[in-house]
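Written out below as structure tokens is the structure these notes cover.
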Amino acid sequence: GKTLTLKTLGLVCLMARAGLFIPCQDPATVPWFSEVLADIGDEQSIEQNLSTFSGHIRRITRVLEAAGPQSLVLLDEVGAGTDPEEGASLARALLQTLVDRVGLTVVTTHYGELKTLKYEDDRFENASVEFDDVSLSPTYRLLWGIPGRSNALSIALRLGLNPEVIENAKSQVVLGATQEVNEIIAGLEAQRRNQETKANEAAAILKQAEAFYL
């Protein structure tokens, strides 16, 4: 769902700039961007001697050279394809550079370190694509203000990976900080669902009251 969101955002901005109608149910305001710059997908190439990481860096280098105050920058899995610790540090430094240079940057990531940027600098914001824990599939609903949590083990189990391997992995995750972060995010998601349910109930009661009044 994350990559789909990035591509949709880029296309909508280009459509609006070209004067085309955009696919939305409600009236929407789309910012003007002089250019849309993206690093989405894998530019791995044996012919050009490019690894996955090298391909990303080559495109990001071109993005930095072209980006300006009216640019929209879209980065998919920023910092991926190399050592996770170095990749997260590089991604963090890159985002801190872009936030000073461009109009808007939207990135997808699995690095937990990047989710904390919001709490250090109010120019950053978290969002995630909702995941149904029962059906183990994305709902394609964008949740603003809530970082995504990893569902790798649940998805791996659904796809048929040996349950013993999954249980072994779970026991090792619990020993790390990742499990604690995921539990916090899960709590935020539950709180959001509860508030959404109450809001829907309040709206239904208001509708009934208005019907009685009429």
Side-chain angles (χ1 to χ4, degrees), residues 1-24 28-129 131 138 140 142-152:
K2 298 188 300 298
T3 302
L4 177 64
T5 300
L6 276 190
K7 291 181 177 180
T8 301
L9 176 60
L11 286 172
V12 165
C13 290
L14 290 173
M15 290 171 66
R17 196 177 70 169
L20 300 174
F21 290 110
I22 61 175
C24 63
T29 300
V30 180
W32 170 268
F33 296 106
S34 57
E35 60 271 318
V36 176
L37 307 170
D39 173 30
I40 299 176
D42 190 347
E43 205 174 79
Q44 186 182 80
S45 172
I46 296 177
E47 181 182 0
Q48 299 180 44
N49 194 30
L50 289 176
S51 65
T52 296
F53 179 71
S54 299
H56 282 299
I57 292 302
R58 192 173 74 167
R59 276 191 290 191
I60 289 173
T61 298
R62 294 201 300 266
V63 166
L64 285 174
E65 291 173 350
Q70 291 186 312
S71 300
L72 170 63
V73 176
L74 307 172
L75 303 178
D76 192 22
E77 296 298 344
V78 60
T82 188
D83 173 77
E85 186 173 346
E86 289 189 352
S89 297
L90 179 60
R92 186 182 179 90
L94 176 62
L95 297 187
Q96 289 170 332
T97 298
L98 287 169
V99 77
D100 291 322
R101 186 178 298 185
V102 305
L104 178 65
T105 301
V106 183
V107 307
T108 66
T109 182
H110 283 97
Y111 292 139
E113 294 89 337
L114 299 187
K115 300 171 186 178
T116 63
L117 281 171
K118 165 186 169 60
Y119 308 104
E120 302 170 14
D121 188 333
D122 58 11
R123 291 177 297 174
F124 292 94
E125 182 57 89
N126 286 322
S128 60
V129 177
F131 188 82
Y140 298 102
L142 188 64
L143 305 179
W144 192 252
I146 300 178
R149 60 188 171 99
S150 174
N151 296 288

#### Entry: Non-neighbouring partners of Thr109 that pass side-chain contact (heavy atoms from CB on, under 4.5 Å), sequence neighbours left out
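By the side-chain contact (heavy atoms from CB on, under 4.5 Å) rule, Thr109 matches Val78, Tyr111, Leu114.
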
### Leu98: which of Leu104, Val73, Val107 passes side-chain contact (heavy atoms from CB on, under 4.5 Å)
Val73

Okay, side chain of [X], backbone of [Y]: is any donor-acceptor separation there less than 3.5 Å?
{"X": "Ser71", "Y": "Glu35", "answer": "no"}
{"X": "Asp39", "Y": "Ile60", "answer": "no"}
{"X": "Arg59", "Y": "Ile40", "answer": "yes"}

### Query
Got a sec: does the CD of Glu85 have more than 12 other heavy atoms crowding it under 6.0 Å?
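Incorrect, the count does not exceed 12.
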
### Whether over 12 other heavy atoms sit under 6.0 Å from Lys7 NZ
no

### Message
Please determine whether side chain to side chain contact (heavy atoms under 4.5 Å, CB included) holds for the pair Thr5 and Thr108, giving the CA-CA distance in whole Å, both sets of side-chain angles, and the decisive distance to 0.1 Å.
### Response
CA-CA 9 Å; Thr5 300; Thr108 66; over 6 Å; no

### Query
What's the verdict on salt bridge (Lys or Arg N to Asp or Glu O under 4.0 Å) for Arg123 and Asp100, showing C-alpha distance, side-chain angles and the deciding distance?
CA-CA 10 Å; Arg123 291 177 297 174; Asp100 291 322; 2.7 Å; yes

### Task
Go through the steps to decide whether Phe53 and Asp83 satisfy the test side chain to side chain contact (heavy atoms under 4.5 Å, CB included), and finish with yes or no.
CA-CA 10 Å; Phe53 179 71; Asp83 173 77; over 6 Å; no

#### Entry: Test side chain to side chain contact (heavy atoms under 4.5 Å, CB included) applied to Val99 and Thr105, step by step
CA-CA 7 Å; Val99 77; Thr105 301; over 6 Å; no

[Y] and [X], any side-chain heavy atoms less than 4.5 Å apart:
{"X": "Leu64", "Y": "Leu94", "answer": "yes"}
{"X": "Thr61", "Y": "Arg58", "answer": "no"}
{"X": "Gln70", "Y": "Trp32", "answer": "yes"}

Between [atom1] on residue [X] and [atom2] on residue [Y], distance to nearest 0.5 Å:
{"X": "Leu74", "Y": "Leu6", "atom1": "CG", "atom2": "CG", "value": "5.5 Å"}
{"X": "Arg92", "Y": "Glu120", "atom1": "CZ", "atom2": "CD", "value": "4.0 Å"}
{"X": "Thr116", "Y": "Asp121", "atom1": "OG1", "atom2": "CG", "value": "11.0 Å"}

### Task
Decide yes or no on side chain to side chain contact (heavy atoms under 4.5 Å, CB included) for His56 and Thr82, but give the supporting numbers first.
CA-CA 11 Å; His56 282 299; Thr82 188; over 6 Å; no

### Task
Quick one: closest heavy-atom pair of Leu72 and Cys13, and the distance?
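That closest heavy-atom pairing would be CD2-SG, 3.7 Å.
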
#### Entry: Shortest non-hydrogen contact from Met15 toward Phe21
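So the minimum-distance heavy-atom pair works out to CE-O, 3.0 Å.
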
